[in-house]
Asker: 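Handing you this structure, nothing more for now.
Keep in mind the model is a prediction, meaning the values are calculated, not measured. One-based numbering along the sequence shown. All heavy atoms count here, side chains included; hydrogens, waters and symmetry mates do not.
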Amino acid sequence: MKNKERLICSLLAVIILMSTLVYTAFASDIMPLWDNTYSVSITHGLVDGKACCNVEIIGYTGTSKIDNVTITLYKKVGNALILIEEWENLSATGSKFRFYDEVDGVASGYTYRLTVTADVHRNGTVENIDTYGDSAY
């Protein structure tokens with residue numbers, strides 16, 4: 001059953017990722033968001049009581065590493081953000097950073113926010129990204 005849950009979460013992440021990449025491609029034609037970072041994809045959803053959290057950061061050619069990555073899942077209650085889970089000090093060498101994890105015991109009927117901060121190193125410069133995605137479960 002666990003493999004089935006992972007497959008469903010992965011398929012959900014791929015579908016959301018593809019729609020995000022199409023949006024990112026159109027948005028980058030209008031105005032670039034970052035100098036070192038080509039795209040940031042944040043997707044998350046609820047499957048069988050688990051929040052499936054997926055983050056992908058892609059740097060432009062010349063990106064040597066993506067580090068100091070912190071990913072945080074919050075539940076939104078009114079104007080408050082309640083911490084559910086946090087992953088710190090993540091990193092990747094090269095131009096791609098990928099993250100996936102599942103969080104148990106997440107309730108439906110709320111909006112959740114997945115945030116990401118990171119440093120993208122490219123051609124001797126460091127760019128800090130700080131963004132998030134909200135999703136109702």
Side-chain angles (χ1 to χ4, degrees):
M1 189 67 170
K2 189 168 188 147
N3 287 334
K4 185 177 178 181
E5 291 172 359
R6 285 185 187 259
L7 178 62
I8 292 170
C9 285
S10 296
L11 289 173
L12 174 67
V14 168
I15 290 168
I16 295 172
L17 173 65
M18 295 307 291
S19 64
T20 303
L21 290 177
V22 169
Y23 174 78
T24 302
F26 287 113
S28 66
D29 289 341
I30 297 169
M31 180 173 60
L33 299 174
W34 299 286
D35 293 326
N36 293 354
T37 308
Y38 174 74
S39 69
V40 177
S41 172
I42 299 172
T43 57
H44 53 113
L46 184 66
V47 176
D48 294 331
K50 295 179 183 179
C52 300
C53 303
N54 193 37
V55 173
E56 182 176 68
I57 302 169
I58 300 175
Y60 283 110
T61 300
T63 298
S64 58
K65 67 180 175 179
I66 300 169
D67 65 359
N68 297 321
V69 181
T70 299
I71 298 168
T72 310
L73 179 66
Y74 296 100
K75 178 168 64 172
K76 293 178 71 176
V77 179
N79 291 329
L81 294 175
I82 299 170
L83 177 65
I84 302 297
E85 187 74 44
E86 184 172 52
W87 302 267
E88 297 179 294
N89 298 318
L90 306 173
S91 64
T93 56
S95 63
K96 292 183 183 176
F97 170 86
R98 291 190 176 109
F99 170 86
Y100 175 83
D101 203 354
E102 298 173 1
V103 179
D104 288 323
V106 178
S108 62
Y110 293 94
T111 296
Y112 291 85
R113 175 171 291 179
L114 191 62
T115 69
V116 61
T117 60
D119 292 334
V120 180
H121 299 258
R122 178 176 170 258
N123 297 333
T125 65
V126 180
E127 175 176 67
N128 180 265
I129 59 169
D130 185 353
T131 190
Y132 66 89
D134 287 348
S135 186
Y137 297 177

Asker: Check this for me, if you would: do Asp48 and Lys50 make a salt bridge, where the nitrogen-to-carboxylate-oxygen distance has to be below 4.0 angstrom?
Answerer: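 Salt bridge between Asp48 and Lys50, a charged N being under 4.0 Å from a carboxylate O: no.
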Asker: Can you see which heavy atom on Ile42 is nearest to which on Thr131, and at what distance?
Answerer: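 So the two residues come closest at CD1-CG2, 3.7 Å.
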Asker: Carefully, step by step, assess Thr117 and Val69 under the rule side chain to side chain contact (heavy atoms under 4.5 Å, CB included).
Answerer: CA-CA 6 Å; Thr117 60; Val69 181; over 6 Å; no
Asker: State the CG-OG1 distance between Asn36 and Thr61, to the nearest 0.5 angstrom.
Answerer: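 OG1 of Thr61 is found 11.5 Å from CG of Asn36.
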Asker: Treat each ILVMFWY residue as a node, draw an edge where side-chain heavy atoms are under 4.5 Å apart, and state whether Tyr110 and Leu83 are in one component.
Answerer: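 No, Tyr110 and Leu83 fall in different hydrophobic clusters.
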Asker: Does atom CZ (Phe99) have a neighbourhood of more than 12 heavy atoms from anything else shown, all under 6.0 Å?
Answerer: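 Counting other residues, nucleotides and ligands, CZ of Phe99 exceeds 12 neighbours.
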Asker: Say whether, by atom type as modelled, one donor and one acceptor occur between the side chain of Glu127 and the main chain of Trp34 under 3.5 angstrom.
Answerer: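 No, the answer is negative, given that no donor and acceptor are paired below the 3.5 Å cut-off.
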Asker: Which distance, rounded to the nearest 0.5 Å, do you find between the CD1 of Ile66 and the CD1 of Ile129?
Answerer: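 That separation rounds to 7.0 Å.
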Asker: For Gly133, is there any backbone N or O sitting under 3.5 Å from a side-chain donor or acceptor partner on His44?
Answerer: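 Side chain of His44 to backbone of Gly133, a donor-acceptor pair under 3.5 Å: yes, one is there.
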Asker: Do you reckon Val126 sits in the same ILVMFWY cluster as Leu90, going by side-chain contacts under 4.5 Å, direct or chained?
Answerer: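 Cluster IDs for Val126 and Leu90 differ.
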Asker: Hydrophobic clusters here meaning ILVMFWY residues chained together by side-chain heavy-atom distances under 4.5 Å, can you tell me if Val103 and Ile71 are in one?
Answerer: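 Looking at the clustering, Ile71 is in the same group as Val103.
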Asker: Kindly compute the distance separating SG (Cys53) from OH (Tyr100), expressed to the nearest 0.5 Å.
Answerer: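 Answer rounded to 0.5 Å: 8.0 Å.
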Asker: Which label fits Tyr112 and Tyr137: parallel for a plane angle under 30°, tilted from 30 to 60°, or perpendicular past 60°?
Answerer: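 Rings of Tyr112 and Tyr137: parallel, under 30°.
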Asker: Do Tyr60 and Thr37 touch side chain to side chain, with heavy atoms closer than 4.5 Å?
Answerer: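 No, every pair of side-chain atoms sits at 4.5 Å or beyond.
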Asker: Nearest 0.5 Å, please: how far is CD1 in Ile82 from CG in Leu73?
Answerer: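 So the CG of Leu73 and the CD1 of Ile82 are separated by 11.5 Å.
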Asker: Any side-chain to backbone donor/acceptor pair from Glu56 onto Val40? Under 3.5 Å, distance only.
Answerer: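 Answer holds: no.
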Asker: Do you know which two heavy atoms are closest between Ala51 and Val106, and how far apart they sit?
Answerer: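 Residues Ala51 and Val106, closest heavy atoms: CB-CG2, 3.7 Å.
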Asker: Spell out, as yes or no, whether a donor-acceptor pair under 3.5 Å connects the side chain of Asn68 to the backbone of Asp119.
Answerer: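 Absent.
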Asker: Using the rule that two of Ile, Leu, Val, Met, Phe, Trp, Tyr join whenever any of their side-chain heavy atoms come within less than 4.5 Å, decide whether Ile58 and Tyr132 are in one cluster.
Answerer: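 Hydrophobic grouping puts Ile58 apart from Tyr132.
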Asker: Test your reading of the model: is there a side-chain donor-acceptor pair from Thr125 to the backbone of Arg122, 3.5 Å cut-off?
Answerer: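 Indeed, once roles are kept as given, a pair shorter than 3.5 Å links the two residues.
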Asker: Quick one, Thr72 and Glu85 - any side-chain contact, counting heavy atoms below 4.5 Å?
Answerer: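 They are not in contact (no side-chain heavy atoms under 4.5 Å apart), so the answer is no.
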Asker: Kindly confirm or rule out a cation-pi arrangement of Arg113 over Tyr74, judged by NZ or CZ under 6.0 Å from the six-membered ring centre and within 45° of its axis?
Answerer: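 The answer is no, since Arg113 fails at least one limit relative to Tyr74.
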Asker: For Asp67 and His121: C-alpha separation, side-chain torsions, deciding distance, then whether side-chain hydrogen bond (donor to acceptor under 3.5 Å, both in side chains) applies.
Answerer: CA-CA 8 Å; Asp67 65 359; His121 299 258; 2.8 Å; yes
Asker: Which heavy atom of Thr43 sits nearest a heavy atom of Leu114, and at what distance?
Answerer: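 Smallest heavy-atom distance, with atoms named: O-CD2, 3.8 Å.
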